Amino acid sequence: MKLIRWVAPAVLVLAGIASAQDVRMNYDKSADFTKYKTYKWVDIKSSDKDAMVDSQIKSAIDAELATKGLSKSESDAVDLYVGYQIAISTEKQVNTFSSDFGYGGGWGYYGRGMGGMGSTTATSTTSTLYVGSLQLDLYDVSKKQAVFRTVGTKTLDTKAKPEKRQKNLAKAIKKMLKDYPPTPKS
C-alpha cells in the first residue's frame, strides 16, 4: 500500500466516507467531558490543504459538534482545540474469472486411473482502489493533551457527484462522533 499526497485527490475524501466505513474511537478516561462547552479550530501540520475541501470538512464537523452541545469560537479562551488530518492510500484489487469444462475419467484395468480431458481459462483484471481516512482530534486546552480521537476509513467512490460527496461526509462525521461525549463503562 502506497501513501500518496492528498492535495490532488483531496476531493476523494468527500466522495466515499459513508455509513459502511470503519470507525475507531479512543478517549482519555479521566477527562470530564461535561465541562467542555467551547472549541476553536487549530491546524494540524500536514501537506498543503485544499481550501475548498478544508471548508467542507470543517463545516460538516461544526454542524455535528453543535448537535453535541459544543460552540465554536475564535477566542483563545476555549475548552477544546479541534483539528483533523486526512490521508489517501491506494490498493490494487485483482478480479479473476475462471471458466472450466471437460469430462471426467474413471477407473481402468487393474485399478489404474484413466483420465478425462478438460480445459481451464482464467482472465484477470486489476483496478486501483482509493482508501480515505479522516482523523479528528479534540485537545483539552487546560491539560494540553488529547482527550478524544476518532478515525473513519472507507474505500472512496471517485465518481460521486459533489452533492453526494457532501452528504456522505456529513454521514461519516455523524458516525465518527456518535459516541461523543463518551460515557465510561462501569
Side-chain angles (χ1 to χ4, degrees), residues 1-27 36 38-74 78 80-98 122-139 146-182:
M1 182 164 51
K2 175 182 155 191
L3 187 64
I4 60 174
R5 286 187 55 161
W6 72 276
V7 176
V11 247
L12 296 176
V13 167
L14 301 176
I17 298 182
S19 59
Q21 76 203 32
D22 174 40
V23 172
R24 295 178 317 267
M25 186 253 312
N26 198 1
Y27 65 96
Y36 302 133
T38 59
Y39 71 94
K40 178 179 181 176
W41 279 103
V42 293
D43 282 327
I44 297 176
K45 299 297 178 205
S46 60
S47 57
D48 300 327
K49 290 187 177 178
D50 178 287
M52 182 172 56
V53 173
D54 181 61
S55 174
Q56 291 170 325
I57 291 172
K58 285 181 177 178
S59 175
I61 293 171
D62 287 341
E64 192 58 29
L65 288 177
T67 69
K68 303 293 184 173
L70 294 173
S71 300
K72 182 173 79 167
S73 175
E74 296 303 319
V78 292
L80 294 169
Y81 287 144
V82 176
Y84 76 90
Q85 297 180 66
I86 60 174
I88 307 277
S89 61
T90 59
E91 295 178 0
K92 290 290 183 190
Q93 178 176 336
V94 178
N95 298 310
T96 302
F97 173 75
S98 177
T123 306
S124 295
T125 59
T126 61
S127 57
T128 301
L129 299 176
Y130 292 94
V131 179
S133 294
L134 174 62
Q135 175 181 307
L136 177 64
D137 293 307
L138 282 66
Y139 302 90
V147 291
F148 185 86
R149 170 174 287 167
T150 183
V151 180
T153 304
K154 171 96 171 76
T155 302
L156 305 176
D157 178 3
T158 59
K159 296 176 182 164
K161 295 184 189 266
E163 301 81 29
K164 177 85 170 168
R165 292 175 186 165
Q166 191 64 36
K167 183 179 175 185
N168 286 344
L169 178 63
K171 284 182 184 177
I173 301 301
K174 185 173 190 71
K175 186 172 181 182
M176 290 170 64
L177 289 169
K178 177 182 158 225
D179 293 325
Y180 183 88

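What you see is a predicted model; the values in this text were computed from it and never measured.
- Distance check: L138 CG to I61 CD1 gives 9.0 Å after rounding to the nearest 0.5 Å.
- Counting only residues at least two apart or on different chains, no ring-ring contact (aromatic ring centres under 6.0 Å, His included) pair has a member in residues 155-179.
- Under the rule for a side chain to side chain contact (heavy atoms under 4.5 Å, CB included), the partners of K72 that lie at least two apart in sequence or sit in another chain are Y39, W41, D62, E74.
- Note that CD of Q85 and CD1 of I57 are 11.5 Å apart. Values are rounded to the nearest 0.5 Å.
- Under the 3.5 Å distance criterion, with hydrogens and angles disregarded, no donor-acceptor pair is assigned to the side chains of D137 and Y81.
- Residue-environment remark: NZ (K174) stays at or below the threshold of 12 foreign heavy atoms within 6.0 Å.
- By the side chain to side chain contact (heavy atoms under 4.5 Å, CB included) test, S55 is found to be paired with no residue, residues two or more places apart in sequence or in another chain being considered.
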**Message:** Is there a side chain to side chain contact (heavy atoms under 4.5 Å, CB included) between Y84 and D43? Walk through the geometry before answering.
**Reply:** CA-CA 7 Å; Y84 76 90; D43 282 327; over 6 Å; no
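- For the pair V147 and L80, the minimum side-chain heavy-atom distance is below 4.5 Å.
- No side-chain donor-acceptor contact under 3.5 Å links S133 to the backbone of I86.
- The line from NZ of K68 to OH of Y180 is 9.5 Å long, rounded to the nearest 0.5 Å.
- Every residue was checked against the ring pair (Phe, Tyr, Trp, His ring centres under 6.0 Å) condition with Y139, not counting sequence neighbours, and none meets it.
- For Y36, the side chain to side chain donor-acceptor pair (under 3.5 Å) criterion is met by D140, not counting sequence neighbours.
- Atom CE in M25 sits 13.0 Å away from atom CZ in R149 (nearest 0.5 Å).
- Going from atom NZ of K159 over to atom NZ of K164 covers 15.0 Å, rounded to the nearest 0.5 Å.
- Listed by chain and number, the residues in a side chain to side chain donor-acceptor pair (under 3.5 Å) with T126 amount to none (sequence neighbours excluded).
- Residues I44 and G83 approach most closely at CD1-C, 3.5 Å, considering heavy atoms.
- Looking at Y27 and D179, their side chains never come closer than 4.5 Å, going by heavy atoms from C-beta outward.
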**side chain to side chain contact (heavy atoms under 4.5 Å, CB included) assessment of L136 paired with I173** = CA-CA 9 Å; L136 177 64; I173 301 301; 5.5 Å; no
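- Summarising the geometry of T150 relative to M176, their closest heavy-atom pair is OG1-O, 3.1 Å, with the distance given to 0.1 Å.
- Counting only heavy atoms from C-beta outward, the side chains of K171 and K175 never approach each other to under 4.5 Å.
- Between atom CG of residue L65 and atom NZ of residue K58 there is a gap of 12.5 Å, rounded to the nearest 0.5 Å.
- Using a 4.5 Å heavy-atom threshold, the side chains of V131 and T153 count as touching.
- Listed by first and then second residue, the salt bridge (Lys or Arg N to Asp or Glu O under 4.0 Å) pairs involving residues 123-136 amount to none (not counting sequence neighbours).
- Partners of S59 according to the side chain to side chain donor-acceptor pair (under 3.5 Å) rule, which considers only residues two or more places apart in sequence or in another chain, do not exist here.
- A search for side chain to side chain contact (heavy atoms under 4.5 Å, CB included) contacts involving P162 returns nothing, not counting sequence neighbours.
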